[in-house]
Number of protein chains: 4
Amino acid sequence: MCKKNKPTNQKEMSFIEKARRAQIVECAIETIAEVGYAQASLGQIAKRAKISKGVISYHFANKEELLEQIAIEYYLAWQSYIAPRVEVQKSPKEMLRVYIESNLTFVDENRKHVFAVIEMVSNKITADGKLQFAADHDEVVLLPIENILTQGMQEGVFREFTRPSARVMALTIRNAIDGFTMELMRKPHLDIQEYTRELITIFDASTKK
Amino acid sequence: MCKKNKPTNQKEMSFIEKARRAQIVECAIETIAEVGYAQASLGQIAKRAKISKGVISYHFANKEELLEQIAIEYYLAWQSYIAPRVEVQKSPKEMLRVYIESNLTFVDENRKHVFAVIEMVSNKITADGKLQFAADHDEVVLLPIENILTQGMQEGVFREFTRPSARVMALTIRNAIDGFTMELMRKPHLDIQEYTRELITIFDASTKK
Amino acid sequence: MCKKNKPTNQKEMSFIEKARRAQIVECAIETIAEVGYAQASLGQIAKRAKISKGVISYHFANKEELLEQIAIEYYLAWQSYIAPRVEVQKSPKEMLRVYIESNLTFVDENRKHVFAVIEMVSNKITADGKLQFAADHDEVVLLPIENILTQGMQEGVFREFTRPSARVMALTIRNAIDGFTMELMRKPHLDIQEYTRELITIFDASTKK
Amino acid sequence: MCKKNKPTNQKEMSFIEKARRAQIVECAIETIAEVGYAQASLGQIAKRAKISKGVISYHFANKEELLEQIAIEYYLAWQSYIAPRVEVQKSPKEMLRVYIESNLTFVDENRKHVFAVIEMVSNKITADGKLQFAADHDEVVLLPIENILTQGMQEGVFREFTRPSARVMALTIRNAIDGFTMELMRKPHLDIQEYTRELITIFDASTKK
DNA sequence: AATGAATGAGGTTTCATTCAT
DNA sequence: TATGAATGAAACCTCATTCAT
């Protein structure tokens with residue numbers, strides 16, 4: 001029995017088990033990206049994966065856990081892409097530039113996955129009306145950018161943002177990136193370089209002292 | 001017969017008919033705002049309105065028409081709120097400031113309605129995979145802000161944005177507003193004035209020559 | 001209150017009441033003829049009549065009574081067309097010829113009405129599984145032809161049919177006529193004269209001594 | 001995956017799948033035969049089969065496919081019963097006799113199935129007002145009898161029928177058989193042998209030179 | 001006499017989930 | 001482990017019928 005395994009005890013999973021889960025998650029991502037969250041039934045996902053619906057239920061306690069896994073994998077991939085690129089920068093200004101740059105590149109190179117998560121964040125309102133999932137998303141995603149901004153303030157290279165934690169500025173940058181993602185979904189042939197350059201210009205100007 | 005009436009022939013509706021439709025739309029808005037788009041079934045909406053499911057079907061040809069009406073009412077309310085406030089301004093800089101300001105105020109005063117539309121835009125992926133509805137939304141909503149930016153460029157008070165039509169800058173502003181909306185849903189006690197002030201600062205700086 | 005009036009006490013109806021009922025029945029016939037029994041909802045009928053659904057319910061106790069009325073009017077029209085033409089004939093052979101001839105002509109000249117009744121007969125199975133309506137139809141419709149056949153037997157101009165009442169022969173003739181009706185519905189440009197001639201030939205030969 | 005399988009690829013179905021489909025089809029036939037086409041909802045059929053409505057949807061893409069299957073099975077059974085009996089006959093006259101005889105016997109031995117199909121043919125008017133299904137039925141069912149008649153004409157043992165293809169004569173024979181079917185439904189204790197004998201007499205006389 | 005409005009049962013279909021094999 | 005089969009709730013929609021006006 002592997003059901004009801006929370007992600008926390010994933011150490012107990014066998015290699016093959018992890019591989020199967022990964023495969024299913026991959027198919028779920030593609031399905032959501034292609035047909036949208038609302039249409040992404042387990043049946044659809046199973047069909048794409050060429051497995052039976054039951055398999056999904058076997059490996060994941062329920063649909064929610066599967067979706068959760070998509071988010072988890074996304075965050076891990078995202079962090080391991082962004083963090084090292086940002087950290088090697090010398091100045092907050094450079095860090096901000098690279099943050100924006102690498103985010104847009106990451107989106108471009110992981111369109112399906114990113115789109116799937118965006119879809120999920122948009123839709124995931126839990127039954128009891130809370131926005132838990134989306135909130136988590138924001139907290140995790142917002143932190144790095146807030147750190148850059150705070151550091152810039154402390155070093156005196158950025159202007160003073162509204163406190164605490166330059167939240168508005170951070171959110172605006174995040175919204176710009178997420179909004180870009182959705183625009184990219186609508187218009188896949190967007191000129192990403194142009195978009196990147198302009199966004200950097202915008203936020204360079206708006207953080208400058 | 002009120003079914004299948006396209007918005008264009010809404011003149012033919014009786015007063016009482018319009019009132020009933022308005023009431024149902026109102027309940028639909030509340031339902032979407034509270035439980036989210038995915039959970040907002042006709043049953044849920046009817047329950048909140050304390051009417052039978054059939055009543056909705058009586059007044060609206062189908063669910064789609066009901067949702068469409070929500071969007072239509074939203075745009076009308078939004079336009080009649082924003083447009084006059086922006087138009088009386090003298091300079092593009094002032095117009096931009098008032099655009100941001102009035103948008104945030106509008107969101108604050110119409111939380112449920114705005115949230116419902118945001119939810120719908122996020123979810124409306126038509127069966128054939130296109131993003132028609134969302135695309136329309138963007139085009140309609142993006143235009144006014146693009147006009148302000150273009151005017152500012154021509155008058156030489158704004159810097160040169162990427163062409164055509166300052167699309168990236170406009171989108172970034174829109175994303176900031178929509179993102180604020182979602183943040184407000186998550187944290188209803190947000191300090192809106194502070195948020196407004198900071199957003200104006202941000203986009204003032206990023207449009208300046 | 002006119003509801004629940006059985007056809008038997010139709011004497012009590014006002015002139016205007018009868019006219020209204022007749023109008024509704026007419027529209028019901030057209031509707032059934034055009035969209036088929038299954039799709040002929042009260043809504044459809046009302047739309048064609050350009051009245052509200054409620055009017056129908058006002059004049060007829062329920063849908064069943066309306067349909068019954070269609071059948072009644074049909075039988076009256078049918079009888080008053082066929083009977084006099086058949087009765088003036090001298091010999092059973094001539095009566096049979098005229099019966100077939102006038103039936104096909106009647107069908108041709110009352111296509112919608114006839115088709116509607118055929119549709120109803122095909123569909124009218126009462127809830128408790130009996131075929132009351134269709135059975136009545138047969139009894140009423142079969143009688144005249146049976147009389148002709150019996151008379152011909154007694155006069156010695158027709159062969160001996162299986163008794164009692166030459167039922168099989170009568171039914172076969174009726175089936176030929178009803179089957180022609182449905183064929184006419186499928187192929188409205190049928191050559192009716194040719195069809196008539198051939199049917200007369202067929203049943204002339206099959207009744208001959 | 002068994003859904004949306006057209007009859008052509010039914011080879012791909014597992015044995016158990018075919019068995020289940022057959023069982024459901026069987027129950028559908030019984031239901032239509034007992035309560036009539038109009039009342040034969042999936043719910044009714046499921047209830048009779050003592051399964052959930054979902055099972056039917058699982059095995060058949062939709063209601064239409066289920067009904068189609070009833071017709072397909074009927075035609076196959078009918079053809080494999082009639083054809084060999086007719087073909088071994090020497091003369092057209094004998095073929096016609098056996099055609100009528102075996103049709104009535106087939107109806108007698110497959111009352112429910114035949115009745116169900118008759119019901120369906122009567123009711124199947126497609127949404128766009130055409131009689132496609134019924135038309136197909138007629139074409140397929142009419143052909144064998146037309147062939148017999150044509151052959152008889154060419155051999156000079158039958159009289160000259162109206163051309164082309166002795167359509168009226170063929171239709172009359174078909175109508176006699178279908179009409180007998182409905183009469184049998186209304187009066188299950190009909191003397192079939194008597195009926196058969198008389199029908200043969202009728203059509204023997206009416207085809208004779 | 002007529003209407004518009006409302007109802008609620010019932011239709012088909014989809015889907016997450018369970019279970020025996 | 002994996003599967004196909006089955007379930008039943010819930011979705012949207014249609015419709016005959018009722019009722020206040």
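Per chain, numbering begins at 1; letters A, B, ... match sequence-line order. Being a predicted model, the structure only gives us computed values, none of them experimental. What's counted below: heavy atoms across the whole structure, side chains too, no hydrogens, waters or symmetry copies.
- How far CE of D:M120 is from OH of D:Y74: 11.0 Å, rounded to the nearest 0.5 Å.
- Atom-to-atom, NZ of D:K18 to P of F:dG4 comes out at 17 Å; the value is rounded to the nearest Å.
- In this structure, C:K47 places its NZ atom 13 Å from C1' of F:dC15, rounding to the nearest Å.
- Atom CZ in A:F60 sits roughly 14 Å away from atom P in F:dT1 (whole-Å rounding).
- Separation of atoms CD1 (D:I72) and CD (D:E65) is listed at 8.5 Å; rounding is to 0.5 Å.
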Give the table of side-chain donor-acceptor pairs shorter than 3.5 Å for residues 25-33 of chain C, with sequence neighbours excluded, one pair per line with atom names and distance.
{"unit_1": "C:T31", "atom_1": "OG1", "unit_2": "C:C27", "atom_2": "O", "d": "2.6"}

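- Between A:Q44 atom CD and E:dA16 atom P there is a gap of 10 Å when expressed in whole angstrom units.
- E:dA1 atom P lies 12 Å from atom CZ of C:R21, rounded to whole Å.
- In this structure, D:I24 atom CD1 and F:dA5 atom C1' are separated by 10 Å, rounded to whole Å.
- For B:H59, a side-chain nitrogen or oxygen approaches OP1 or OP2 of E:dA6 to under 4.0 Å.
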Practice task
Return one dot-bracket line describing DNA chain E 5' to 3' (Watson-Crick or G-U wobble pairs, both distances under 3.5 Å; ( ) same strand, [ ] crossing, | another strand, . none).
Solution key: .||||||||||||||||||||
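- By the salt bridge (charged side-chain N to carboxylate O under 4.0 Å, His left out) test, B:R48 pairs with B:E34, sequence neighbours left out.
- Closest non-hydrogen pair, B:Q44 versus B:Q39, comes out as CG-O, 3.5 Å.
- Closest approach of D:E119 to D:Y37, counting heavy atoms only: OE1-N, 2.7 Å.
- For B:K53, the side chain to side chain contact (heavy atoms under 4.5 Å, CB included) partners two or more places apart in sequence, or in a different chain, are B:A46.
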Look for any protein N or O under 3.5 Å of an N or O in nucleotides 7-10 of chain E and output each such pair with its distance, or none.
{"unit_1": "E:dT7", "atom_1": "OP2", "unit_2": "B:S52", "atom_2": "N", "d": "3.1"}

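- Heavy atoms only, all atoms of each residue included: C:H113 and C:I70 are closest at NE2-O, 3.2 Å.
- Across the protein-nucleic acid pair, A:I45 atom CD1 and E:dT14 atom C1' stand 15 Å apart, rounded to whole Å.
- Contact between C:I24 and C:I45 at its shortest, heavy atoms only, is O-CG2, 4.4 Å.
- Taking for each of A:N62 and B:Q23 the nucleotide of DNA chain E with the nearest heavy atom, the 5'-most of the two is the partner of B:Q23.
- Mapped onto DNA chain E by nearest heavy atom, B:I16 and A:L42 fall at different nucleotides, with B:I16 at the one closer to the 5' end.
- At whole-Å resolution of the value, NZ in B:K63 and P in F:dC13 are 8 Å apart.
- The side chain of D:S57 approaches E:dT14 more closely than any other nucleotide in the set E:dT14, E:dT17, F:dT17.
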